[in-house]
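Some notes on the structure that comes next.
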Amino acid sequence: MLAAAQLLSDSATHLTARYTPTRSTGACHTSIHTQRTPQQAHAIGLDCGFTLSASQCASATMSLAVLHSRALSGMDAPAVTVEVHLANGLPSFTLVGLPDTEVKEARDRVRAAIQNAQFEFPARRITVNLAPADLPKESGRFDLPIALGILAASGQIDLAALRDVECVGELSLSGELRPIRGALAMAVHATQAQRALLLPIDNAAEAALDSRATIYPARSLLAVCAHLSGREPLVQQPHTPITHTAAALPDLQEVKGQHAPKRALEIAAAGQHSLLMVGPPGTGKSMLAARLPSLMPALDEGRALEVAALHSIAGRFKPEHWQQRPYRAPHHTASAAALVGGGADPRPGEISLAHHGVLFLDELPEFDRRVLESLREPLETGHISLARAARRVDYPARFQLVAAMNPCPCGYYGHPDGRCRCTPDQISRYRGKLSGPLLDRIDMTVEVAALPVSDLQHATSGETSATVRQRVEAALAVQMQRQQKPNALLDPKEVDAHCTPDEAGQQLLAQAMQRLQLSARAYHRILRVARTIADLQNSAHVSSAHIAEAVQLRRHAIT
């Protein structure tokens with residue numbers, strides 16, 4: 001009898017808590033949807049074959065509230081059900097469902113936020129379950145649904161307005177809502193589940209980038225509760241598209257001389273090819289790399305959403321960077337986890353943050369060799385898989401690699417003044433830091449020589465980035481019309497279909513393959529670069545002149 005009364009008091013605010021006692025005559029199922037009065041509890045007891053006393057019916061005061069939220073797992077945002085259960089007993093606050101330390105700390109944040117919002121924190125046995133139990137939960141994004149669940153389970157608010165709404169948000173001790181990471185990914189998945197998303201106001205513009213999403217921004221827990229009571233409804237975030245404004249990127253005209261590297265940079269931008277620049281210190285390698293984004297067209301909306309989602313997951317999204325090509329330049333002391341992604345909760349690394357943009361590695365031989373070798377697979381596949389004991393996540397990593405290095409340890413090998421004093425053994429060891437398989441994956445290598453003083457004294461008179469970008473955009477438009485992808489992404493079958501040179505070009509390429517001892521991968525990369533050179537010249541066919549320039553850009557490979 002006491003057990004039946006205790007179970008009958010386990011009532012849900014909005015979802016069904018099912019009680020199934022077993023008797024000798026059969027089984028009885030009772031569904032409790034809301035908190036019951038003592039009279040209702042007594043009637044339910046009679047239906048089940050039990051007789052409850054008045055005191056037992058009055059003690060049937062347990063309740064359950066259920067809300068919807070989202071976790072993050074790579075680019076995915078799996079659904080999480082937040083169940084809050086209040087029971088009689090000594091006051092306690094228990095979190096279950098594989099929460100990490102950040103989630104467990106929600107107990108103190110939620111308690112203070114509820115009290116500072118002038119609500120009563122129930123002095124009862126509180127159990128919060130984050131389902132599914134086998135999905136790791138991290139960060140403070142579950143603070144808001146936990147707080148709302150406690151208030152609903154204790155009868156202080158009504159959750160009817162949140163039946164088709166998902167809630168995320170970290171609470172401050174004052175009850176204010178703080179921004180979270182991954183809001184755009186959550187908005188996309190909430191839309192797919194046909195639910196709206198309630199989140200901090202600082203994340204509203206980011207989440208509204210998905211034009212299909214229904215977004216309700218809020219400043220505080222109190223504002224959410226006022227919305228649920230109908231006193232001050234939250235205003236839906238309008239889908240105002242972010243206007244792309246051309247950023248003040250460095251201009252190519254600022255680089256004096258260096259006509260061959262500028263030509264290589266234009267080819268790299270037109271076909272999204274990888275590029276290695278080799279030369280003494282102070283010759284403009286970093287300046288040239290920084291100006292590559294100014295030669296590339298702005299991202300279309302689909303690719304811009306991919307980039308924004310990745311930066312949102314990393315907590316680095318900025319609306320002013322909308323549709324801009326990412327440019328990442330990590331220091332040479334970066335670890336493998338920083339470059340390709342990782343950690344106990346795997347987050348995107350520099351190669352993913354450079355997705356659809358430029359990854360510049362300056363002082364390439366100074367990077368740890370194991371870090372550089374980790375780039376080999378992403379350069380080929382365009383994505384990275386991070387496997388950990390508890391989970392496995394995939395991130396896109398279709399970046400354009402641009403690297404720079406000195407020709408020797410002192411940096412002045414081949415300099416006109418002959419100042420280099422490095423021995424052949426030192427030079428060999430220095431260049432040997434770069435493996436053959438990695439270099440084989442780089443499309444072009446160009447020498448950036450020291451400029452004579454006369455070139456430095458004259459005013460710049462080269463082409464502007466805008467002028468070069470017009471040719472790049474025209475070449476990319478031809479590629480999109482022909483094969484719906486840049487030349488650098490052509491597979492071997494597509495190379496045979498679109499990049500086959502004329503007879504003179506085939507003979508020249510065969511001689512280059514034999515004399516330079518190039519690999520099959522290098523063969524296809526030369527053809528892709530030659531196809532890009534032909535597109536820049538608006539040529540329908542790849543000629544021997546295009547092959548010759550592509551081979552010239554390959555023969556300087558460091559060995």
Side-chain angles (χ1 to χ4, degrees), residues 12-15 65-73 75-84 106 110 113 117 128 130-132 135 137 139-153 156-171 175-242 301 305 308-309 312-313 317 319:
T13 303
H14 288 293
L15 295 187
V66 180
L67 295 93
H68 302 288
S69 188
R70 291 276 164 183
L72 281 178
S73 180
M75 292 291 287
D76 192 18
V80 172
T81 302
V82 180
E83 302 171 338
V84 181
V110 168
V128 176
L130 305 176
L135 176 68
K137 320 296 189 309
S139 96
R141 70 177 63 90
F142 300 107
D143 291 3
L144 178 60
I146 290 173
L148 293 176
I150 291 174
L151 293 175
Q156 300 182 66
I157 63 172
D158 185 8
L159 289 182
L162 293 183
R163 186 168 302 157
D164 296 318
V165 178
E166 298 179 359
C167 304
V168 290
E170 179 182 339
L171 287 171
E176 297 295 317
L177 283 173
R178 289 176 172 163
I180 58 171
R181 63 183 184 89
L184 180 55
M186 296 180 191
V188 171
H189 287 82
T191 302
Q192 293 173 354
Q194 297 183 345
R195 296 194 188 104
L197 183 65
L198 195 155
L199 78 177
I201 194 169
D202 291 338
N203 294 118
E206 171 190 340
L209 289 175
D210 183 2
S211 58
R212 304 167 302 166
T214 302
I215 307 298
Y216 290 102
R219 293 189 178 275
S220 65
L221 174 63
L222 199 59
V224 177
C225 294
H227 169 74
L228 297 178
S229 65
R231 297 179 181 177
E232 295 183 18
L234 296 175
V235 179
Q236 182 177 337
Q237 178 73 17
H239 298 290
T240 304
I242 300 177
E301 185 173 352
L305 277 174
S312 172
I313 290 170
F317 174 77

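- The two atoms that bring Ala213 and Ala207 nearest to each other are CB-O, 4.3 Å, heavy atoms only.
- Lys137 places a side-chain N or O within 3.5 Å of a backbone atom of Leu130 that can act as its donor or acceptor partner.
- Side chains of Asp158 and Leu228 form no contact here, defined as non-hydrogen atoms less than 4.5 Å apart.
- By the neighbour-count criterion of 12 heavy atoms within 6.0 Å, atom CD of Gln192 is densely surrounded, having more than that number from other residues, nucleotides or ligands.
- Judged by distance alone, the side chain of His68 and the main-chain N or O of Thr81 form no donor-acceptor pair under 3.5 Å.
- Looking at Arg70, its side chain does come within 3.5 Å of a backbone N or O of Ala77 through a donor-acceptor pair.
- To the nearest 0.5 Å, atoms CG (Leu184) and CG (Leu209) are separated by 5.5 Å.
- A heavy-atom distance below 4.5 Å is found between the side chains of Val82 and Ile146.
- Atom-to-atom distance recorded for Leu159:CG and Leu67:CG is 5.0 Å, nearest 0.5 angstrom.
- Side chain of Ser312 to backbone of Gly182: a donor-acceptor contact under 3.5 angstrom is found.
- The closest side-chain heavy-atom distance from Pro200 to Leu144 is not below 4.5 Å.
- Residues Leu72 and Arg181 approach most closely at CD1-O, 3.6 Å, considering heavy atoms.
- Between Asp143 and Val110, the shortest heavy-atom distance links the atoms O-CG2, 3.7 Å.
- Two residues are said to be in side-chain contact when any heavy atoms from C-beta on lie closer than 4.5 Å; Met186 and Arg141 meet this criterion.
- Looking only at side-chain heavy atoms (C-beta outward), Thr214 and Thr191 stay at 4.5 Å or farther from each other.
- We find the CD-OH distance between Gln236 and Tyr216 to be 5.0 Å, quoted to the nearest 0.5 Å.
- Here the CZ atom belonging to Arg178 is positioned 6.0 Å from the CD atom belonging to Glu170, to the nearest 0.5 angstrom.
- Annotation: the span from Leu199 atom CG to Gln237 atom CD amounts to 8.5 Å, rounded to 0.5 Å.
- Taking every heavy atom of both residues into account, Glu166 and Ala190 meet most closely at OE1-CB, 3.4 Å.
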Exercise for the section: In sequence, state the C-alpha distance, the side-chain angles, and the governing distance for Ile313 and Met75, and then conclude on side chain to side chain contact (heavy atoms under 4.5 Å, CB included). Expected result: CA-CA 8 Å; Ile313 290 170; Met75 292 291 287; 3.7 Å; yes
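- Asp76 places a side-chain heavy atom less than 4.5 Å from the side chain of His189.
- Note that CG of Leu222 is 13.5 Å distant from NE2 of His227, once rounded to the nearest 0.5 Å.
- By the 4.5 Å heavy-atom criterion applied to side chains, Leu151 and Cys225 are counted as neighbours.
- Minimum heavy-atom separation, Ala113 to Leu171: CB-CD1, 3.9 Å.
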Practice task
Starting from the C-alpha separation in whole Å, work towards a yes-or-no answer on side chain to side chain contact (heavy atoms under 4.5 Å, CB included) for Ile157 and Leu148.
Solution key: CA-CA 8 Å; Ile157 63 172; Leu148 293 176; 3.9 Å; yes
Exercise for the section: In sequence, state the C-alpha distance, the side-chain angles, and the governing distance for Leu162 and Cys167, and then conclude on side chain to side chain contact (heavy atoms under 4.5 Å, CB included). Expected result: CA-CA 8 Å; Leu162 293 183; Cys167 304; 3.8 Å; yes
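- Between Ala65 and Gly149 the shortest heavy-atom distance is CB-O, 3.5 Å.
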Practice task
Evaluate side chain to side chain contact (heavy atoms under 4.5 Å, CB included) for Arg212 paired with Val188, printing each intermediate quantity in order.
Solution key: CA-CA 8 Å; Arg212 304 167 302 166; Val188 171; 4.1 Å; yes
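- Side-chain contact between Leu135 and Pro78: present, with at least one pair of heavy atoms (C-beta onward) separated by less than 4.5 Å.
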